[in-house]
Number of protein chains: 2
Amino acid sequence: MKLEAVDIGKMASASDIVFEALRHAIINGELADGEPLRQDEIAGIFNTSRIPVREALSRLEQQGLVRTERYKGAFVAGISIDEVSEIFSFRSLVESNVIAAAVPKIRPETLAEARIYYTEFSTTKDPMEWGKLNRKFHYMLYRDSDLTFHLSIINNALDRIDRYLRAQLTMTDGVPKANKEHLGILRACEKGDAELAAKLTREHILGARDNLVEFLENHRIKP
Amino acid sequence: MKLEAVDIGKMASASDIVFEALRHAIINGELADGEPLRQDEIAGIFNTSRIPVREALSRLEQQGLVRTERYKGAFVAGISIDEVSEIFSFRSLVESNVIAAAVPKIRPETLAEARIYYTEFSTTKDPMEWGKLNRKFHYMLYRDSDLTFHLSIINNALDRIDRYLRAQLTMTDGVPKANKEHLGILRACEKGDAELAAKLTREHILGARDNLVEFLENHRIKP
DNA sequence: ATATTGAAAATTGGATCCAATATATTTAAT
DNA sequence: ATTAAATATATTGGATCCAATTTTCAATAT
């Protein structure tokens with residue numbers, strides 16, 4: 001099992017460190033769906049006892065990234081194609097509304113930052129960076145909505161599907177398509193056209209859903 | 001501190017029992033916003049050690065019902081009026097979409113059950129039952145959508161605002177209004193009119209939002 | 001009287017140990 | 001040889017103990 005501590009800025013408890021490390025490993029697909037997460041092993045990696053590990057695991061279970069069975073332990077929670085599809089539908093609904101709320105309030109600095117992430121996303125060749133940059137790009141366009149609850153829910157939804165999306169982007173040529181769509185959304189925001197930004201965001205996510213579902217149906221080992 | 005074990009069916013670990021008991025106490029408003037949740041005290045109530053208590057608290061923090069400060073402990077997480085308002089807006093968006101997805105698939109048994117909860121809600125005088133029955137009524141109308149992710153997010157949103165809503169319903173006459181609206185939604189579902197059900201649900205929740213925000217602005221001690 | 005310092009108490013975070021359960025391995029019976 | 005029972009090992013759930021930090025409150029100085 002490959003695990004690395006993630007820098008989370010402020011002084012953090014051991015359980016926070018373990019939580020973030022496991023979260024990143026799961027959303028990045030470094031831990032396969034169904035893989036058991038042994039308390040002893042993880043505690044060994046971080047030189048702690050099992051107590052903070054258990055706390056981290058129970059938090060991850062609450063987030064839907066891990067499932068646990070009594071006396072059997074914790075496992076990376078894989079999700080079905082139907083669930084992946086549902087989460088994308090949910091995202092298209094919520095994110096299109098959030099961007100519509102953000103556009104009238106969006107600040108020039110925010111747009112400038114979004115453009116930086118757009119460019120970085122379009123130029124990087126490292127699949128590991130795609131998820132991060134894609135998130136940062138979209139987040140910038142949502143940020144000025146100040147809808148913190150919506151944003152936290154969107155983040156959780158992204159956590160659950162990031163790894164599948166990356167697998168698809170790596171094996172197909174979805175990145176150029178995503179890029180073109182990102183540019184369209186960015187321009188709509190720059191023009192202040194909230195309705196258009198919402199429409200393009202909805203289509204962007206629903207298109208990604210359909211591509212990903214097709215990809216998973218062809219490539220996934222049926223359970 | 002008043003706490004009671006909640007029956008959660010299957011054999012559960014101590015941490016599950018503590019989690020559900022605290023969750024219910026918080027969403028029912030039996031524990032006030034900001035109230036400290038001392039590990040020792042809770043452990044004493046349930047005759048366990050602090051370990052399962054800490055696990056429960058960290059899960060509740062992930063759900064947004066509790067906030068913790070390092071070496072200071074856990075506290076019931078109150079939310080601002082803006083956040084309450086945001087959560088209602090979120091609900092109106094998501095729940096109207098879920099009911100629109102459910103109506104074409106809704107089964108007669110489901111409608112019958114919904115009508116039972118509608119009647120119970122309209123006749124009970126116990127404010128403690130309102131939240132439960134209101135949830136059960138709406139859940140019935142969403143159930144056949146099979147959108148499990150959406151439903152789990154809706155549940156979390158309800159967990160966060162239930163206590164404020166109950167306070168308002170208790171001190172104003174919001175129940176008859178809610179009842180009338182419930183009947184309208186129910187009839188739209190029975191007619192199979194998904195668009196109307198969605199519209200009425202959206203208006204039902206946005207109306208509740210505006211009433212609750214006004215109530216909180218008048219009654220809440222400003223922080 | 002008020003503010004400041006410092007020790008005592010309370011509280012949390014984490015480590016270690018024990019009990020309960022599940023899994024793997026060995027042994028015995030046919 | 002195959003299957004069933006018994007035993008050993010691994011793993012989790014929980015209790016108890018210790019360390020780190022905060023809070024409380026009394027003693028002291030101004």
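All figures in this text were calculated on a predicted structure; none of them were measured in a lab. FYI, side chains are in, hydrogens and waters are out, and symmetry mates aren't considered; it's all heavy atoms of this structure.
- For the helix from C/dA1-D/dT30 to C/dT30-D/dA1, the end axes, each set by the C1' atoms of five terminal pairs, are bent relative to each other by 0° (nearest 10°).
- Nucleic acid contact class of A/T48 (heavy atoms, under 4.0 Å, all strands): sugar-phosphate only.
- Distances were taken from every side-chain heavy atom of B/K72 (C-beta onward) to each of C/dA20, D/dG14, D/dT22; the shortest belongs to D/dT22.
- Heavy atoms of A/R38 sit under 4.0 angstrom from primed sugar atoms or phosphate atoms, though from no base atom.
- Residues B/K132 and B/D126 are not paired through a salt bridge, judged by the lack of any N-O separation under 4.0 Å between the basic side chain and the carboxylate.
- Between A/I51 atom CD1 and D/dA19 atom C1' there is a gap of 15 Å when expressed in whole angstrom units.
- For B/Y164, the side chain to side chain donor-acceptor pair (under 3.5 Å) partners two or more places apart in sequence, or in a different chain, are B/D33.
- The CD atom of B/E69 sits 17 Å away from the C1' atom of D/dA20 (whole-angstrom rounding).
- Counting non-hydrogen atoms of neighbouring residues, nucleotides and ligands closer than 6.0 angstrom, the CD atom of B/E214 reaches no more than 12 such neighbours.
- The separation between B/E55 atom CD and C/dG13 atom C1' is 14 Å, rounded to whole Å.
- Whole-Å rounding puts the A/N47 CG to C/dT16 P distance at 11 Å.
- Picking from C/dT16, D/dG14, C/dT12 the nucleotide with the shortest atom distance to the side chain of A/R70 gives D/dG14.
- Under 3.5 Å, the side chain of B/R50 and the base of D/dG14 form no donor-acceptor pair of N or O atoms.
- A side-chain donor from one of B/E83 and B/S80 sits under 3.5 Å from a side-chain acceptor of the other.
- When all heavy atoms of B/S15 and B/A56 are compared, the pair lying nearest together is O-CB, 3.8 Å.
- Annotation: of the two residues near DNA chain C, A/S15 and A/Y71, the 5′-most nearest-nucleotide partner is A/S15.
- At whole-Å resolution of the value, CD1 in A/I42 and P in C/dG14 are 16 Å apart.
- Among C/dT12, C/dA15, D/dG14, the nucleotide with an atom closest to any side-chain atom of A/P52 is C/dA15.
- Rounded to whole Å, atom C1' of C/dG13 lies 18 Å from atom CZ of A/F19.
- Electrostatic pairing of A/R38 and A/E41 does not count as a salt bridge here, judged by no charged N lying under 4.0 Å from a carboxylate O.
- The interatomic distance linking B/F46 (CZ) with D/dA15 (C1') rounds to 18 Å, in whole Å.
- Note: CG (A/L57) to P (D/dT11) measures 14 Å, nearest angstrom.
- For residues 80-102 of chain B, the pairs satisfying ring-ring contact (aromatic ring centres under 6.0 Å, His included) are A/F149-B/F90, A/H150-B/F90, with sequence neighbours left out.
- Note on A/Q39: every side-chain N or O is 4.0 Å or more away from OP1 and OP2 of D/dA10.
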